[in-house]
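Data first, discussion second: the structure below is written as structure tokens.
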Amino acid sequence: MTKPLNRQIAALPTTIFTVMSELARAHDAINLGQGFPDTEGPHDMVQAAADALLDGRNQYAPLTGLQELRRAVADSNARFQGLEIDPESEVIVTSGATEALAASLMALIEPGDEVVLIEPLYDTYLPMVRQLGGVPKLVRLEEPGWTLPRAALAAAFSARTKAILLNTPMNPTGKVFSTEELDFIAGLLIQHDAYAVCDEVYEHLTFDTPHVSLMSRPAMRERCLRIGSAGKSFSLTGWKVGYVTAPAPLATVVAKAHQNLVFATAPNLQRAVAFGLNKDEQYFRDLAGDMARKRDILSAGLRGVGLDVLPCDGSYFVMADITPLANGLDDVAFARMLTEEAGVTTIPASAFYDPSNGAPPTHLVRFAFCKQESVLQEAVARIERWASQRG
């Protein structure tokens, strides 16, 4: 008889992203499910990465990252959030934001520690917390406005709370937390002596709404681990370069976790990301402006066919209420039908909720708008034709 494998990991289902992407390929559908751009990032960054392969610096990078990238991350914190960061002791370069999340959670969580998470949430959060022995305490945003239920959030905290995992700008909702909401969260962290792991990978992708880091709020500097992503900031998701900014006592432990995960990240990509982070502010304004136009194209098209589009102030994603077109179908069935019949793929929003926290909503789907405008226009046209044929 064979001994069992890790039951928790073995029991994880095939991700909805894999399922829907395979369905999209089978039906030659436009894939607005997975959140990655369909164009290259800045050519000068790609050229910098290519050039960096040829000058003899291809051995292991330092554990915490190349000095030029750590300096660029510190400078970016100062420029965009007013945070004074020591690049030598308070920045860790990771192999993507996913690894940054894993290393940060490993640095904080011991079995039995409670972790507050906000639904709907990115699909790797819960497995990471549970694999470390953490106990999730889930709080659900209230749609359609994505309101933070403050009483429920306060009730989720206790003496056993070790951390909150806060994602803003938020995937999948597009919510950008306000300073008032951040300060309410800060008060709970102080009251319960807890930390915050801040997933801020969409920090440069907000639309007429400023992104404010929790780390920049009063008394939060020593409690926060702030995570950024070159993949999202420069439309180079395949590079998998992330970075953690944290006070030195926390960063030291994150570095130890990082050492046991991947140790170091490709040096040529680190150097190119340092080049990118030093771009002038116009680059970041243009990036956000381009994404806002794409959001508006898709949102207007979805409203035009009768879907209710929920607020979206940041990220790559917008959520839509399918009730007007679903004829009673739930989100999973509707997403499958839209792929098979209209040739447009989306993600059912119930995938971003945990059933242990009550039945998830089944009337929402998530669309990614980080695609070429012509692709979004064709997707809208396909949905329009499909909706008109249904009558």
Side-chain angles (χ1 to χ4, degrees), residues 7-9 11-13 97-98 100-143 145-173 175-178 180-201 213-215 217 219-220 222-227 244 246 250 253-254 257 349-362 364:
R7 293 182 180 87
Q8 205 168 76
I9 293 177
L12 291 175
T98 304
L101 281 164
S104 296
L105 291 169
M106 286 173 68
L108 292 176
I109 298 174
E110 294 183 303
D113 286 342
E114 293 182 356
V115 180
V116 177
L117 302 109
I118 299 174
E119 291 184 308
L121 40 66
Y122 182 55
D123 67 324
T124 64
Y125 292 171
L126 279 170
M128 282 185 181
V129 169
R130 287 176 171 145
Q131 190 60 32
L132 292 166
V135 179
K137 293 294 179 179
L138 294 159
V139 178
R140 191 167 288 184
L141 294 182
E142 297 169 349
E143 41 88 10
W146 302 124
T147 305
L148 180 68
R150 299 191 182 192
L153 184 65
F157 277 76
S158 75
R160 295 179 298 278
T161 303
K162 179 63 72 72
I164 185 172
L165 207 171
L166 178 66
N167 178 208
T168 183
M170 191 180 192
N171 171 14
T173 65
K175 177 183 176 67
V176 178
F177 283 73
S178 69
E180 292 79 13
E181 290 170 325
L182 294 176
D183 289 345
F184 181 78
I185 293 169
L188 294 172
L189 295 177
I190 293 169
Q191 179 184 346
H192 297 281
D193 189 24
Y195 298 99
V197 177
C198 303
D199 181 351
E200 301 179 29
V201 298
S213 175
L214 179 63
M215 195 175 194
R217 303 307 296 162
M220 286 295 102
E222 301 306 312
R223 293 185 180 274
C224 292
L225 301 92
R226 172 166 135 80
I227 294 169
V244 181
L250 295 181
V253 185
V254 172
S350 57
F352 301 104
Y353 292 82
D354 186 55
S356 71
N357 192 35
T362 59
L364 302 173

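Remember, it's a predicted structure, so these values are computed and weren't measured experimentally.
- Considering CG of Asp123 and CE of Met128, their distance stands at 9.5 Å, rounded to 0.5 Å.
- The minimum heavy-atom distance linking Ser104 with Val254 is given by the pair CA-CG2, 4.1 Å.
- At least one side-chain heavy atom of Val116 sits less than 4.5 Å from a side-chain heavy atom of Thr161.
- Residues Leu189 and Phe157 form a side-chain contact, since some pair of their non-hydrogen atoms from C-beta on lies under 4.5 Å apart.
- Between Ala257 and Ala103 the shortest heavy-atom distance is CB-O, 3.6 Å.
- In this structure, the separation between CG on Leu166 and CG on Leu121 is 12.0 Å, given to the nearest 0.5 Å.
- Rounding to the nearest 0.5 Å gives a distance of 10.5 Å between CZ of Phe352 and OG1 of Thr173.
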**Request:** Under the side chain to side chain contact (heavy atoms under 4.5 Å, CB included) rule, what do Leu250 and Val244 come out as? Steps first, then yes or no, please.
**Result:** CA-CA 10 Å; Leu250 295 181; Val244 181; over 6 Å; no

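- Contact of the Val201 side chain with the Asn171 side chain is not registered, since no non-hydrogen atoms from C-beta on lie closer than 4.5 Å.
- Shown here are the side chain to side chain contact (heavy atoms under 4.5 Å, CB included) partners of Asn357, two or more places apart in sequence or in another chain: Glu119, Leu138, Arg140.
- Note that the OH atom of Tyr353 and the CG atom of Leu141 stand 7.0 Å from one another [nearest 0.5 Å].
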**Asked** When you look at Arg223 and Asp193, which way does the salt bridge (charged side-chain N to carboxylate O under 4.0 Å, His left out) test go after all the steps?
**Response** CA-CA 9 Å; Arg223 293 185 180 274; Asp193 189 24; 3.1 Å; yes

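- In this structure Glu142 satisfies the side-chain hydrogen bond (donor to acceptor under 3.5 Å, both in side chains) test with no other residue, sequence neighbours excluded.
- When side chains are defined from C-beta on, Leu153 counts as touching Ile185, because their heavy atoms get closer than 4.5 Å.
- Residues Val115 and Leu132 are not in side-chain contact: their nearest non-hydrogen atoms beyond the backbone lie 4.5 Å or more apart.
- The heavy-atom pair separating Asp199 from Leu165 by the smallest distance is CB-CD2, 4.4 Å.
- The side chain to side chain contact (heavy atoms under 4.5 Å, CB included) check on Lys162 picks up Leu108, Asp113, Tyr195, with sequence neighbours excluded.
- Listed by chain and number, the residues in a side chain to side chain contact (heavy atoms under 4.5 Å, CB included) with Glu222 are Pro247 (sequence neighbours excluded).
- Residues Tyr125 and Asn167 have side chains in contact (heavy-atom distance under 4.5 Å, counting atoms from C-beta outward).
- Side-chain atoms of Glu181 come within 3.5 Å of backbone N or O of Ser178 as a donor-acceptor pair.
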**Request:** Check the pair Leu101, Ile227 against side chain to side chain contact (heavy atoms under 4.5 Å, CB included), reporting the backbone distance first and the verdict last.
**Result:** CA-CA 7 Å; Leu101 281 164; Ile227 294 169; 3.6 Å; yes

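- Here the closest heavy-atom approach between residue Glu143 and residue Pro361 is recorded as OE2-CB, 4.3 Å.
- For Glu114, the side-chain hydrogen bond (donor to acceptor under 3.5 Å, both in side chains) partners at least two apart in sequence or on another chain are Ser158, Arg160.
- Here the closest non-hydrogen pair linking Val139 and Ala156 is CG2-CB, 3.6 Å.
- Between Pro127 and Leu12, the closest side-chain pair of non-hydrogen atoms falls below 4.5 Å.
- Applying the side-chain hydrogen bond (donor to acceptor under 3.5 Å, both in side chains) test to Arg150 and every residue at least two apart in sequence or in another chain returns nothing.
- Contact check for Met220 versus Cys224: side-chain heavy atoms found under the 4.5 Å cut-off.
- If you take CH2 on Trp146 and CZ on Phe177, they are separated by 11.0 Å, rounding to the nearest 0.5 Å.
- To the nearest 0.5 Å, atom CD1 of residue Ile9 and atom CZ of residue Arg130 are 13.5 Å apart.
- Within a 6.0 Å radius of CD in Glu110, no more than 12 heavy atoms belonging to other residues, nucleotides or ligands are found.
- With no hydrogens or angles considered, a side-chain donor-acceptor pair links Glu200 and Ser213 at under 3.5 Å.
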